Amino acid sequence: MTITGPGARSAAPGQAVVDAAMLVLERMGLTPADLLAAPAARPAAPTFAQYIPVVSALVSDGCRRAYGSYWNRVTDQWGSRRIDEPTPSEIRQLVQHVRANVVPRRNSRGGRSAAEHLIAALRCMYKHAEEDGLINPADNPDRKVQKPRRLPSTRRAVADKRLAEINNAAATTGDDPELDTLLLRLHTETACRRGGALALRPQDLDPEQCLILLREKGETVRWQPVSPTLMAALLAHAGERHAPPDGQLLRYHNGRHITYRRYDHLWERVGRYLPWVRAQQITMHWIRHTTLTWVERNFGYAVAKAYAGHTDTDDGGATATYVRATAHEVATALAALTGEPHPLATQEGW
């Protein structure tokens, strides 16, 4: 039986069209799967001047401080260009330009740090561009540029005698020795970073258990033991300088909160009285090295890792998950370091 009607008339031409299309694809070396895999049309990529402020508003304060100056340099050089225009070679040229024009410092290493931070800043920006669908990962030029290998740090632990000299210089010079000695004691006891100290609030103090809440880079949060002496000093400082419960704790006499500049002024002043501090470019991060080295030597790697606030993903492999130190062990190390008893410290051994 022969079927007639509209359906019969359209079936044959439709199959013919499909066969013709398949033939064309075959001659072009394509398959229907290639058509499905073809990327959808992307919106026009924004310029660096347009997109960098968007990324800057999304990242953390710490990331903005680290990359902000490098994003500004990229904007100065390429502000009117679209972010998908530069080639890997052009990025390498920009890196060399920044490296050659870096402000020389006593601890400079030929601009390696500037080159590393510039590439990291671009990677951060392009990562957001990929997530926003503004650039294909395969077309990301920054992926093809190698970041300079980071050289080993020159920082190390400061000897006890030298640390005493630093504390004495801070306590006997300057316009606010009470603040400076409090900063040094806070960093010596807790090995916290500058960001953690600046983020400390009166409401982050637990006087009963002698704990402070530290919020540091990578959005890490931890309760860190402190000595009763330091806790009393922090409470007195907050009260005398009228720090609001939810505001920054560390402040000047006039109630204005301190910034990173206070650290710069502190070490610049100490360096004038102690030439070796200026020569070696000692900073508060050296105090962190000092405390953590002492803790590791006397209480082992696991306790030092917890004392530093490092996470299980930082290093140490899977074993670090099983040998994680407790807050009581950290408090015990602190008690030994300061010579003061701590509410959480334990004298029990294995």
Side-chain angles (χ1 to χ4, degrees), residues 55-69 117 120 124 155 170 176 178-267 283-292 295 304-314 327 330-331 334 338 342 344:
V55 176
S56 180
L58 293 175
V59 300
S60 65
D61 292 340
C63 183
R64 193 179 303 111
R65 281 192 300 270
Y67 297 154
S69 62
H117 280 80
C124 177
R155 301 187 188 105
D176 197 345
E178 292 180 359
L179 171 62
D180 293 335
T181 53
L182 179 60
L183 284 175
L184 283 168
R185 174 122 193 185
L186 174 61
H187 285 273
T188 301
E189 283 198 18
T190 66
C192 68
R193 301 175 177 87
R194 293 185 306 172
L198 294 176
L200 191 63
R201 306 166 299 182
Q203 68 184 28
D204 296 331
L205 307 182
D206 181 352
E208 181 178 353
Q209 298 186 86
C210 284
L211 296 171
I212 64 173
L213 184 66
L214 291 176
R215 291 167 285 130
E216 297 185 316
K217 71 176 186 178
E219 300 181 352
T220 58
V221 178
R222 73 180 188 279
W223 284 101
Q224 187 78 10
V226 297
S227 68
T229 297
L230 177 56
M231 178 59 71
L234 290 172
L235 290 170
H237 180 91
E240 294 168 0
R241 307 202 176 189
H242 309 291
D246 59 348
Q248 185 174 322
L249 188 150
L250 297 169
R251 295 175 179 266
Y252 294 106
H253 282 299
N254 61 8
R256 183 169 54 90
H257 65 79
I258 71 170
T259 66
Y260 286 94
R261 292 298 298 163
R262 185 64 193 185
Y263 289 92
D264 297 335
H265 290 312
L266 168 61
W267 290 106
T283 64
M284 201 64 84
H285 207 75
W286 286 61
I287 306 301
R288 176 174 166 85
H289 278 253
T290 302
T291 300
L292 295 179
V295 172
K305 181 181 175 71
Y307 209 114
H310 290 154
T311 62
D312 290 339
T313 58
D314 289 333
V330 173
L334 171 71
T338 61
H342 191 278
L344 299 182

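Quantities reported herein were computed from a predicted structural model and do not represent experimental measurements.
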List in chain and number order the residues that pass ring pair (Phe, Tyr, Trp, His ring centres under 6.0 Å) with His289, two or more places apart in sequence or in another chain; answer none if no residue qualifies. His285
Quick check: are there more than 12 heavy atoms from other residues, nucleotides or ligands sitting under 6.0 Å from NE2 of His253? yes
Rounding to 0.5 Å, atoms OG1 (Thr338) and CD (Glu189) come to a distance of 5.5 Å
State which residues pass ring pair (Phe, Tyr, Trp, His ring centres under 6.0 Å) with His187; sequence neighbours excluded, sorted by chain then number. Tyr263
Can you give me the closest heavy-atom contact between Thr190 and Pro225, atom names plus distance? CG2-O, 4.3 Å
Taking atom CE of Met231 and atom SG of Cys210, what is their separation to the nearest 0.5 Å? 5.5 Å
Quick check: does any side chain N or O of Thr220 sit under 3.5 Å from a backbone N or O of Lys217, one acting as donor and the other as acceptor? yes
On a heavy-atom basis, the closest approach of Leu250 and Ala197 is CD1-O, 3.5 Å
With heavy-atom distances below 4.5 Å as the criterion, would you say the side chains of Val226 and Ile212 are in contact? yes
Any residue meeting salt bridge (Lys or Arg N to Asp or Glu O under 4.0 Å) with Arg256, in chain and number order, not counting sequence neighbours: none
Please name all residues satisfying side-chain hydrogen bond (donor to acceptor under 3.5 Å, both in side chains) with Tyr260, sequence neighbours left out, ordered by chain then number. Arg65
Between the OG1 atom in Thr188 and the CE atom in Met284, the distance rounded to the nearest 0.5 Å is 7.5 Å
Mind checking the NE2-CG spacing from His237 to Leu186? Nearest 0.5 Å is all I need. 10.0 Å
With a 4.5 Å limit on heavy-atom distance, are the side chains of Arg201 and Gln248 in contact? no
At their closest point, which heavy atom of Ala199 faces which heavy atom of Asp204, and how far apart are they? O-OD2, 3.8 Å
Residues at least two apart in sequence or cross-chain that pass side chain to side chain contact (heavy atoms under 4.5 Å, CB included) with Thr229, listed by chain then number, are Arg185, Ser227, Glu340
Student check: side-chain heavy atoms of Leu198 and Thr259 closer than 4.5 Å: no
For a 4.5 angstrom cut-off between non-hydrogen side-chain atoms, does Leu183 reach Arg262? yes
Side chain to side chain contact (heavy atoms under 4.5 Å, CB included) partners for Arg222, two or more places apart: Leu214, Glu216, Gln224
Residue of the set Leu179, Leu266, Leu249 for which side-chain contact (heavy atoms from CB on, under 4.5 Å) holds with Ile258: Leu179
Partners of Ala304 by side chain to side chain contact (heavy atoms under 4.5 Å, CB included), sequence neighbours excluded? Val295, Glu296
With Tyr67, which residues qualify under ring pair (Phe, Tyr, Trp, His ring centres under 6.0 Å), at least two apart? Trp71
According to salt bridge (Lys or Arg N to Asp or Glu O under 4.0 Å), who are the partners of Glu240, at least two apart in sequence or on a separate chain? none
Using a strict 4.0 Å threshold on nitrogen-to-oxygen distance, state whether Arg241 and Asp176 make a salt bridge. yes
Applying side-chain hydrogen bond (donor to acceptor under 3.5 Å, both in side chains) to Arg194 and not counting sequence neighbours gives none
Residues in side chain to side chain contact (heavy atoms under 4.5 Å, CB included) contact with Gln209, at least two apart in sequence or another chain: Asp206, Leu211, Leu344
Residue list, salt bridge (Lys or Arg N to Asp or Glu O under 4.0 Å) with Arg64, at least two apart or on another chain: Asp61
